[in-house]
There are 2 protein chains.
Amino acid sequence: MDIQYFKDLLHERALKATNSRLNLLTTMLAYKSAMPYSAIQESMKSVDRVTLYRTLESLKQSGIIHKAYQENNETYYAICGKKCGHQQHSHDHIHFKCLKCELVTCEQTTTDIKISIPEFVINTTSIYLEGICKLCKD
Amino acid sequence: MDIQYFKDLLHERALKATNSRLNLLTTMLAYKSAMPYSAIQESMKSVDRVTLYRTLESLKQSGIIHKAYQENNETYYAICGKKCGHQQHSHDHIHFKCLKCELVTCEQTTTDIKISIPEFVINTTSIYLEGICKLCKD
DNA sequence: TAATAAATGCAACAATGTTGCGTTTATTAT
DNA sequence: ATAATAAACGCAACATTGTTGCATTTATTA
Ligand SMILES: [Mn+2]
Ligand SMILES: [Mn+2]
Ligand SMILES: [Zn+2]
Ligand SMILES: [Zn+2]
């Protein structure tokens, strides 16, 4: 993933490759973990907050970023994988918040997760875990 | 669960049994499923919104209600079970949103859910499902 | 380089979160 | 039953975020 990847991706989704969008995406990429809105705002303070709002909306709509988690009044955003498309998110990962470093990350689980409720039809599953991450352990 | 149960519960948690709290709790109980904030506000429009805010906060803090789900700008609240206490929520259920009736409910899963990520320590697990509920099925 | 649809910035308003403070009320002690 | 007291309430006030409209600017295509 680099700036050219994002440019192509934006064009593919019929979005203009504007500075706002490219800046946001490269910033989020550099951030590694899911990026809290306050941090996004901080690094995007040159653009109007309405533009930031619409930038997040359009990228979310187009399956380029997703809302990884929301707690209290902080929303965390992360970049989507290749499976997501326009109006069609498809995530097979879970979200984890480390209680030590406080980072929110997208993680793969080892085992397949099958959750069922008798007589209910389940379409989508969202899992959020809290604990200690690999790096903070020991 | 009735009004006396709530009165005792509030006293047990060192909270005054005020009209706001009793009204909120009985309303939520009658609502059956997790109650969206907008509906709570609607049925509590006689009290100041700051009081409603503090009422929700105090009940949440004391383990009497919990935030069942939050989507877009709607937060859903539900009454806690007996296991929750002051500063100590302990939920073993999951949250389900029916895409037909749009109700959010607290549900028990049949099988024990064990999710692991290699080298991570997991403290708490939150699961949110979407689909069709028992009543809306068929 | 010109045309055009999309994106941006700004103004404006709504909703919710949050605190301070003076008044009211639930609870406890007399 | 009454009085004392800490908790809760209502109101004002301010912050943050969400959201839309509209005129101007910009990315893309012809
Ligand atoms: Mn994710
Ligand atoms: Mn619940
Ligand atoms: Zn960590
Ligand atoms: Zn249903």
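Side-chain atoms are counted along with the backbone in the values below, which use heavy atoms only and exclude waters and symmetry mates. Note on naming: letters A, B, ... go to the chains in the order of the sequence lines (proteins, then strands), and numbering restarts at 1 for each one.
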K.L.:
Tell me, do Leu15(B) and Leu9(B) make a side-chain contact under 4.5 Å, heavy atoms counted?
P.N.:
no
K.L.:
Between P on dT16(C) and CD on Glu57(B), what's the gap in Å once rounded to a whole number?
P.N.:
14 Å
K.L.:
Any base atoms under 4.0 Å from Arg49(A), or only sugar-phosphate, or nothing? Heavy atoms, all strands.
P.N.:
base
K.L.:
Please verify the inter-ring angle class for His66(B) with His91(B); under 30° counts as parallel, over 60° as perpendicular, anything in between as tilted.
P.N.:
tilted
K.L.:
Are any non-hydrogen side-chain atoms of Leu129(B) and Phe120(A) less than 4.5 angstrom apart?
P.N.:
no
K.L.:
Just the rounded figure in Å: distance from P of dG18(D) to CD of Gln70(B).
P.N.:
11 Å
K.L.:
Please state how far atom CG in Leu52(A) lies from atom C1' in dG18(D), giving the value in whole angstrom units.
P.N.:
12 Å
K.L.:
Could you let me know what dA30(D) is paired to, Watson-Crick or G-U wobble, both distances under 3.5 Å, or none if it's on its own?
P.N.:
dT1(C)
K.L.:
When you compare the side chain of Ile122(B) with that of Phe96(A), does any pair of heavy atoms fall below 4.5 Å?
P.N.:
yes
K.L.:
Can we say Glu57(B) and Arg54(B) salt-bridge, meaning some charged N sits less than 4.0 Å from an Asp/Glu carboxylate O?
P.N.:
no
K.L.:
Round to the nearest Å and state the distance from Asn23(A) atom CG to dT8(C) atom P.
P.N.:
11 Å
K.L.:
Please state whether the phosphate of dT18(C), meaning OP1 or OP2, lies under 4.0 angstrom from any side-chain nitrogen or oxygen of Tyr53(B).
P.N.:
yes
K.L.:
Would you mind reading off the distance between Leu10(B) atom CG and dA7(D) atom C1', rounded to a whole angstrom?
P.N.:
13 Å
K.L.:
Tell me which nucleotide among dC14(D), dG20(C), dG18(D) gets nearest to the side chain of Asn73(B).
P.N.:
dG18(D)
K.L.:
Walk me through whether Glu130(A) and Tyr128(A) qualify under side chain to side chain donor-acceptor pair (under 3.5 Å).
P.N.:
CA-CA 7 Å; Glu130(A) 281 184 353; Tyr128(A) 167 72; 2.8 Å; yes
K.L.:
Would you say Leu25(B) and Ile65(B) make side-chain contact, with heavy atoms under 4.5 Å?
P.N.:
yes
K.L.:
Hey, which sits more toward the 5' end of DNA chain D by its nearest nucleotide, Val50(A) or Gln41(A)?
P.N.:
Gln41(A)
K.L.:
Rounded to the nearest Å, what distance is computed from the CG atom of residue Asp48(A) to the P atom of nucleotide dT17(D)?
P.N.:
14 Å
K.L.:
Measure CZ/Arg21(A) against P/dA6(C) and give the value in whole Å, please.
P.N.:
11 Å
K.L.:
Out of dC13(C), dG9(C), dG10(D), which nucleotide sits closest to the side chain of Thr51(A)?
P.N.:
dG9(C)
K.L.:
Summarise protein proximity over nucleotides 22-30 of chain D in one line of letters, 5' to 3': B for base, S for sugar-phosphate only, - for none, counting protein heavy atoms closer than 4.0 Å.
P.N.:
----BBS--
K.L.:
Look at all strands and tell whether Ser20(B) reaches a base, only sugar-phosphate, or nothing, counting heavy atoms closer than 4.0 Å.
P.N.:
sugar-phosphate
K.L.:
How many Å lie between CG on Leu22(A) and P on dA6(C), as a whole number?
P.N.:
18 Å
